[in-house]
Amino acid sequence: MLNMKRRNFIKAGGVVAAASLAGFPFISFGKSTGRVVIVGGGYGGATAAKYLRLADSNIKVTLIEPKTHYISCPMSNEVLAGERNISSITVSYQALNTNYGINLVHQMATEIDPVQKNVRTADGRNFPYDRLIVSPGVDFRWDAIAGYDESAVAAMPHAWNAGNQTLLLRKQLVAMEDGGLVIIIAPPNPFKCPPGPYERASQIAHYLKQHKPKSKILILDQKDKFSKQGLFKQGWKQHYAGMIEWIPASQDGKVLAVHPDKMMIETDFEEHEGDVINVIPPQKAGKIAQMAGLTDKTGWCPVDQKTFESTIHKDVHIIGDASIAGKMPKSGYAASSQAKVCAAAVAALINGQTVAEPSYVNTCYSLITPNHGVSVSAIYQLNDEGNIVSVKGAGGLSPMDASAWEREQEANHAHSWIRNILSDSFG
Amino acid sequence: MLRTIIFSSVLVSFLAIISVNATERSATTLSYACAGCHGTAGVSAGTSIPSLAGLPSEYFIEAMQKFKNGKRGATIMDRIAKAYSNEEIVAMAGFFEQQTWVAASIEVDAEVVAQGQTIHEDKCARCHLAAGKYTEYRLPRIGGQWADYLYFYMKNAQIEGFKQPQPKLMKKSLEGLTEAELTALAQFYAAQ
Ligand SMILES: Cc1cc2nc3c(=O)[nH]c(=O)nc-3n(C[C@H](O)[C@H](O)[C@H](O)COP(=O)(O)OP(=O)(O)OC[C@H]3O[C@@H](n4cnc5c(N)ncnc54)[C@H](O)[C@@H]3O)c2cc1C
């Protein structure tokens, strides 16, 4: 019973700290002076930093991230369509320092020493930690597609990290003549944002339909089915009939090589020439996770799915796209949800408390037109084997028979979601 | 400071009751996961997704139960609510009730707001007291809620067969209101 009281006390601490957002001072319940270092300030890392400080403001949190501003991949497909300015999905890290006292280090982490428990940055500084959280996102497998190396991205952008690549692809679409062919190479599983390539095709089609209606989009897929397939195909038929062609892997969608100099793609039986070619390469965990030996033979990081602690190196936690998180997809919402579970676990472990039972949520909205939104949602829990599984009988897709008005509401909710997830993670 | 202490002591006793009911996942753990859509601590930054901070727990529980049991029409909450046990819903209700309400910040057209106020006083003020800011038991606060959310709710409430909870008198009050009038009402409430 005593034990129970103590646990409740800690739970209440979380609530009070959350209220500090509305102007209350930080109240700290823990007595720890633990040091937590976080590598990577994306949806995973930034959220973990904030929620760690909310859980226990005595913990010193240092966030190592080279950029001073984060550019969100979510909604970057709208930038391609000309529906949105990239500045609307660019956020400063400053609020994490001002509102939560997080120490910001705008450097690249170059070395993790899990034995000495130290992180080194490019400028030669050392950051010792009690616990480390790594959220470096994905790295591309540059050796996977013949002809697609780092020099090919100028001719055939991936635009799978938002920023200059997004703007380059947008520029190419604007420069293309009416009647041109846009080719998208969709990657094999697992990859960041499973519905992303198909939302991208939709957004590009939305732009072309208005400005270059004779143009076409060809998706060469490295797999045979994709996320929200029924909903996308329904939307394409409704809004972009005859404009988008999807070729699955088993029907010659598999790409053997790309030729950036000739703007050409080779498959088993065809050579496709495109006016704009977007190659989304196969992926693996971010480079620093590989260098630190946190990945297994799949190229991703195995973790204890309750605490996100590495099963390879003690006291190192991996969250977001880089981790193997059971049934959860690689998405921004998933990364932020994992970050909160991980932050609570790290705070508990530092204070010598039991780790609470986790709960995780993911939802991905996709925009087929600015007024046609669809979603997939799931709530997750830990099963007896310690794997993250979705709660049965809940979640799922937007209904196929939803009205245009419901699709319009979902499009609005998608736009509300981006504002909330950005402020929840970075504000 | 005083308020914070009261908050935490109320919550400790509240959670003690929950624990007896064997809720393993804590109120904060459950509720934090909603923030990606509803904002940190239930204060929404998005115009069509409602703020949950400060909602009376009775109303919150009722809303979640209706989503869960298919008695309230929704674009997504029906799918989400099904994942939670009754005890977990009660726990989250406690969490959100303790959070501080922050009114939506939107730019409004004074003329449209005035138009909304006239309709409000005529048709809605008898229940939605204090310009919609009043909240108790099963009456949600609508003054200061986001305009798009309120507009969607009212529009859905006008659709025959869409299960939008509303007292008979509210249904009658909404009958025949045009989209422009609903917009005016939404703006009036959001501006509070
Ligand atoms: C086009 C597109 C659309 C998408 N749409 C959605 C959507 O609608 N909804 C959704 O939920 N998700 C969406 N996603 C997915 C989402 O972007 C990712 O899942 C999410 O960003 C993962 O977060 P993360 O923290 O794991 O990694 P990231 O957000 O990629 O962040 C990683 C960070 O780590 C930093 N970093 C890397 N290495 C180091 C190092 N050595 N030292 C220091 N810092 C380092 C990087 O600079 C980066 O800021 C989309 C993705 C794409 C490409």
Side-chain angles (χ1 to χ4, degrees), chain A residues 4-5 7-16 18-25 27 50-51 332-333 336-337 340-341 344 356-361 363 373 375 377-379 381 390-391 393-398 402 405-406 409-410 412-413 415-425 427, chain B residues 1 3-5 7-16 18-20 23-49 53 68 73 75-76 79-84 88 94-95 98-102 146 148-149 152 155-156 159:
Chain A
M4 187 67 91
K5 273 199 182 133
R7 272 180 61 195
N8 291 336
F9 194 48
I10 291 162
K11 287 174 194 165
V15 178
V16 174
S20 73
L21 290 165
F24 294 116
I27 312 284
K50 170 172 163 176
Y51 277 81
Y333 203 128
S336 83
S337 184
K340 292 170 190 176
V341 169
E357 192 63 23
S359 175
Y360 330 69
V361 170
T363 299
S375 59
S377 183
I379 288 79
Q381 62 190 19
S390 57
V391 177
L397 297 158
S398 308
W405 165 238
E406 284 164 312
Q409 288 179 65
E410 286 225 274
N412 277 277
H413 296 327
H415 291 141
S416 292
W417 170 80
I418 188 68
R419 294 180 61 169
N420 273 319
I421 193 96
L422 281 174
S423 74
D424 188 39
S425 300
Chain B
M1 189 61 186
R3 262 175 91 187
T4 352
I5 291 164
F7 274 8
S8 58
S9 61
V10 167
L11 206 83
V12 169
S13 55
F14 180 76
L15 281 167
I18 305 302
S19 305
V20 177
T23 302
E24 274 200 84
R25 307 193 287 181
S26 76
T28 48
T29 302
L30 293 163
S31 309
Y32 279 172
C34 315
C37 281
H38 285 284
T40 306
V43 177
S44 179
T47 60
S48 67
I49 301 185
K68 188 174 162 178
T75 58
I76 199 155
R79 287 178 265 160
I80 290 173
K82 287 192 182 79
Y84 299 97
E88 287 175 331
F95 173 88
Q98 303 296 328
Q99 308 307 315
T100 311
W101 172 269
V102 179
W146 286 99
D148 287 347
Y149 171 70
F152 290 173
K155 188 105 198 283
N156 287 332
I159 296 173

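Each chain gets a letter, A, B and so on, in the order the sequences are listed, and its residues count up from 1.
Residue contact with chain B, scored on non-hydrogen atoms closer than 4.5 Å, is absent for A:S336. With a 4.5 angstrom heavy-atom cutoff, A:L422 does not touch chain B via any of its atoms. Neither the backbone nor the side chain of A:S425 comes within less than 4.5 Å of any heavy atom in chain B. Neither the backbone nor the side chain of A:H415 comes within contact range of chain B, judged by heavy atoms closer than 4.5 Å. B:Y149 does not touch chain A: none of its heavy atoms, backbone or side chain, sits under 4.5 Å away.
Heavy-atom pairs under 4.5 Å with chain B peak, among A:T363, A:D424, A:V341, A:V361, at A:D424. Your options are A:S337, A:G396, A:S390, and the one with the most heavy-atom pairs under 4.5 Å with chain B is A:G396. Between chain B and the residues A:G393, A:S359, A:A394, the largest count of heavy-atom pairs under 4.5 Å involves A:S359. Note: B:G36 leads B:G36, B:A83, B:G46 in heavy-atom pairs under 4.5 Å with chain A.
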Going through the distances and angles, do A:S375 and B:R79 end up as a side chain to side chain donor-acceptor pair (under 3.5 Å)? CA-CA 11 Å; A:S375 59; B:R79 287 178 265 160; 2.9 Å; yes

Working note: B:T75 + A:H413, criterion side-chain contact (heavy atoms from CB on, under 4.5 Å); need CA distance, chi angles, decisive distance, verdict. CA-CA 9 Å; B:T75 58; A:H413 296 327; 3.3 Å; yes

Take A:N412 and B:T47 through the side chain to side chain donor-acceptor pair (under 3.5 Å) test and state the conclusion after the steps. CA-CA 8 Å; A:N412 277 277; B:T47 60; 5.3 Å; no

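For the residue pair B:I49 and A:W417, the shortest heavy atom distance occurs at CD1-N, 4.2 Å. Across all non-hydrogen atoms, the minimal contact from B:A35 to A:K340 is CB-NZ, 3.5 Å.
Here the straight-line distance linking atom OH of A:Y360 with atom OG1 of B:T29 works out to 10.0 Å at 0.5 Å rounding. Taking CG of A:N420 as the reference point, atom OG of B:S48 lies at 9.0 Å (rounded to 0.5 Å).
Taking A:E406 as the reference, A:A402, A:S403, A:Q409, B:F162 meet the side chain to side chain contact (heavy atoms under 4.5 Å, CB included) condition, with sequence neighbours excluded.
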